[in-house]
Amino acid sequence: HTSATAFRTYTPHAAQKPPPSSSSKRAAFNNNTTGCPPPEPPDSNAAAATARCISQAPVLRHGNESAAAPWTKELSSQASKNASGASGDGYADFWRCYARIQICAQLQLQNAQAWLPTLLSSINFWHHSINTVIGSHIQVSAFLCVLFPESVAPVITIPITFSVNAWKKTKEHGKSFAEDPEKFYVTTPIYYVNDKPHIGHAYTTVACDILARYRRLRGDDVLFVTGTDEHGQKVQQSAEKAGKTPQEFVDEVSQNFRQLADELHCSHDVFIRTTEPRHKLAAEKLWKTLEDKGQIYLGFYEGWYSVRDETYYKESELVDGKAPTGADVEWVVKEPSYFFKLSEWTQPLLDFYEKNPNFLQPAIRKAEIVNFVSKGLQDLSISRTTFDWGIPVPGDEEKKHVMYVWIDALTNYLTAAGYPWESTEAKEKAHWPASLHMMGKDILRFHAVYWPAMLMAAGLEPPNSLFAHGWWMRDGQKMSKSLGNVIDPRDLIGNYGVDQTRYFLASSVSFGDDGDYSEETMLTACNGILANGLGNLAQRSLSLVFKNCEKTIPEPPAESDLTEKDKDLLSAAEKLLVSSEEIMASNQLNRFCNNLHFFTKEANVYIDGEAPWSLKKTDPERMKVVLWVVLESVRRIAILLQPVMPGAMGKLLDQLGVLPEERMFKHLESAPLQANKIEKPQAVFPRIEVPEVGRDDAVSQKKKGNEKAAASKKTT
């Protein structure tokens, strides 16, 4: 309304008016058309051409057709090169066409009308920040509506509505996503290479990948790191059993983890290995820094140690003579060791937890760690001499000590961020501190106590937050090799599909709690939620378009053509990003998935109620409106679900005709669904059919597992 007010004095037949004085020509032009000069397009040639044409508008508006000829010819030449926006420089194309319409409008409305399709098409190719798009979109759209109320207003009302809504959200949040991208550095723990990867490894990696992909779609500067921990006594023992050198062993097993990440379609930026030279350099630098600051001394260690956990335990922590994890422990008899002065950091850590309430997530983990630290910390042994597979301690005169596996392993987070940094400028550009370290709850203590203490002691910032998720069980039982119920994630990918597996892992467990895998819950996710929910919604709406709308998605409807039910669904769709932001701020992946699933159910209820398959006979125009509303909802769901199911959502957006460059979150508002040609729809989520034999095998395996567990209890 505000923009349109500035255009009300525009008169198409301005040639009948006497020409204004030369000093007021440009002012009159601006006041009577756009209200302010249009911004210069980024392309220098296009900018010059457009500026020259616009500068002649005061002359053209008074009917000097001969004077207009060279300028309209130049603009025609510029715009015809990219009339459909195919060059990708849609922003420049838009302003060329806009200037052409302005000039033509001074002479004859019919000429301007002919250029409208090119202009409206080029709107879809804007690639600049959402604020620029919104401001230009509202201003230009209002001008066109005044010029051509009958032909333009119905077509462009919905885009204006989207722009205004996006503008409101931008004002509420203070900035758009792309305007000020944030650094986001997320890590998995580096996985220990003494065995092949299992579902727990897949769970952590997929969770971090979802967060990384989500932040990239926001426009943030993301660093996603995963990798393998390749030193330590346990690795050396496993290599000996395999008849290989430690390096040969870790090269082989590390590749298994790398391949699994690829098979899960993970988008990590760095795969770090602790046997890399760059990591050795970083670990040595951190050690020397701590030593220079008086935080390391040489002494002797005597106490309980678990090889499996690579952890020292106090006598008071043992449960029935074993580690709290159930691992065997052995008594280490007075072994020489370097120590980190962890005891000095008891109170600083407690102060840090209090000042950073979101550092430890979920909340239950914070209580555990605070309770542990409050009892007082002992100095930490950080070297070993009983094996040699590790990074040698720098400056060790006897050359017997290797770094304790956890100080070696934790330093990987610095290594991947470019540590040690060569300059202050390099440090400022680095992705440090880490935004989020994610790990299983069994290794939280190392990350929540040892790691921040070492970083603070070295004068480095601790990570912003840690998230410790739960363990996976199977049919209510803890997974173990002895029970034969360990799940290989590659089996899930092979049986159900990679995107279905990713969705199941993300959606089936309240993130932070323990998860329980069963075939029934997996099939519910694949068939009940994906195939019957989003898959069915997309398939039937696209099929109706293919059969009844000349294989073309209907044009965005005018506001006046929308019913209250239409508006309600579109309004709910617009709110999805805001609710997603709130949910993902606390890493609640299951809530994120469920929120979109609930909206999908709303959309299915809507299409069932409107029954477009019946409308094709009674009210075909209403059918088109319903189908556009449904498919616009599907577009929004698919864009938001890309982090969880990148492959499937990419295929769905392809079927909708959504361009790859219009799939960022900013495009939820700035690029509503257009009248795209479509191919014959293909099912994105085919139903998973499990043979009866497979079901019997699954039941049999579950029964055997229960029998083994019962026998184990009797023996105990």
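In this chain, residues are counted from 1 in sequence order.
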Hey, what do you get for CG (Leu589) to CZ (Phe511), rounding to the nearest 0.5 Å?
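These two atoms lie 4.5 Å from each other.
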Here the gap from Ser267 atom OG to Arg213 atom CZ, rounded to the nearest 0.5 Å, amounts to 4.0 Å
So, using ring-ring contact (aromatic ring centres under 6.0 Å, His included) as the criterion, who are the partners of [X] when residues are at least two apart?
X      : result
Phe224 : none
Tyr419 : Trp421
Phe599 : none

Could you tell me if [Y] and [X] have a donor-acceptor pair between their side chains, going purely by distance under 3.5 Å?
X      : Y      : value
Asp221 : His431 : yes
Arg540 : Asn604 : yes
Ser586 : Arg591 : no

Any side-chain to backbone donor/acceptor pair from [X] onto [Y]? Under 3.5 Å, distance only.
X      : Y      : value
Asn412 : Ala409 : yes
Thr521 : Tyr517 : no
Ser435 : Ser465 : no
Arg490 : Glu263 : no
Gln361 : Phe467 : no
Arg278 : Ile272 : no
Asn590 : Ser508 : no
Gln655 : Gln682 : yes
Trp389 : Glu230 : yes
Gln642 : Ile639 : yes

Residues at least two apart in sequence or cross-chain that pass salt bridge (charged side-chain N to carboxylate O under 4.0 Å, His left out) with Asp251, listed by chain then number, are Arg273
(message) Enumerate the ring-ring contact (aromatic ring centres under 6.0 Å, His included) contacts for residues 232-258, please, sequence neighbours excluded, ordered by first and then second residue.
(response)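 Listed once each, the pairs are Tyr191-Phe257, His201-Phe257.
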TODO: Kindly state whether the ring of Trp451 and the ring of Phe359 have centres lying under 6.0 angstrom apart.
DONE: no
Would you name the heavy atoms of [X] and [Y] that are closest together and state the gap between them?
X      : Y      : result
Leu631 : Ser541 : CD2-OG, 3.2 Å
Pro686 : Asn527 : O-OD1, 4.5 Å
Val186 : Ala212 : CG1-CB, 4.1 Å
Ala417 : Trp432 : CB-CE3, 4.2 Å
Asp388 : Val402 : O-CG1, 3.8 Å
Gly227 : Thr188 : N-OG1, 4.2 Å

Taking the side chain as C-beta and beyond, is there a heavy-atom pair between [X] and [Y] under 4.5 Å?
X      : Y      : answer
Ser254 : Phe271 : yes
Leu211 : Met438 : yes
Leu523 : Arg687 : no
Trp304 : Lys322 : no
Pro489 : Leu260 : yes
Phe372 : Val449 : yes
Thr600 : Ile529 : no
Val270 : Leu223 : yes

ring-ring contact (aromatic ring centres under 6.0 Å, His included) between Trp406 and Tyr450, worked out
CA-CA 9 Å; Trp406 278 104; Tyr450 305 160; 8.2 Å; no
Take Asp269 and Arg216 through the salt bridge (charged side-chain N to carboxylate O under 4.0 Å, His left out) test and state the conclusion after the steps. CA-CA 12 Å; Asp269 301 289; Arg216 290 193 193 103; 3.2 Å; yes
Worksheet entry | By side-chain hydrogen bond (donor to acceptor under 3.5 Å, both in side chains) - contacts of Asn595 (at least two apart) |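 Listed in chain order: Ser579.
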task = Apply the test salt bridge (charged side-chain N to carboxylate O under 4.0 Å, His left out) to residues Arg474 and Asp516: give CA-CA distance (whole Å), side-chain angles for both, the deciding distance (0.1 Å), then the verdict.
result = CA-CA 5 Å; Arg474 183 168 189 172; Asp516 188 18; over 6 Å; no
> Which is it for Arg258 and Asp262 under the salt bridge (charged side-chain N to carboxylate O under 4.0 Å, His left out) test, yes or no, and what are the steps along the way?
Replying inline: CA-CA 6 Å; Arg258 189 191 292 269; Asp262 292 340; over 6 Å; no
Under the side chain to side chain donor-acceptor pair (under 3.5 Å) test against His469, which residue among Thr204, Asp513, Asp514 passes?
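Among the candidates, only Thr204 passes.
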### Query
What do the steps show when you test Glu252 against Lys244 for salt bridge (charged side-chain N to carboxylate O under 4.0 Å, His left out), and what is the final call?
CA-CA 10 Å; Glu252 181 180 309; Lys244 299 176 181 179; 2.4 Å; yes
Any chance you could lay out the side-chain contact (heavy atoms from CB on, under 4.5 Å) test for Tyr214 and Ser580, step after step, and finish with the verdict? CA-CA 10 Å; Tyr214 184 91; Ser580 296; 3.7 Å; yes
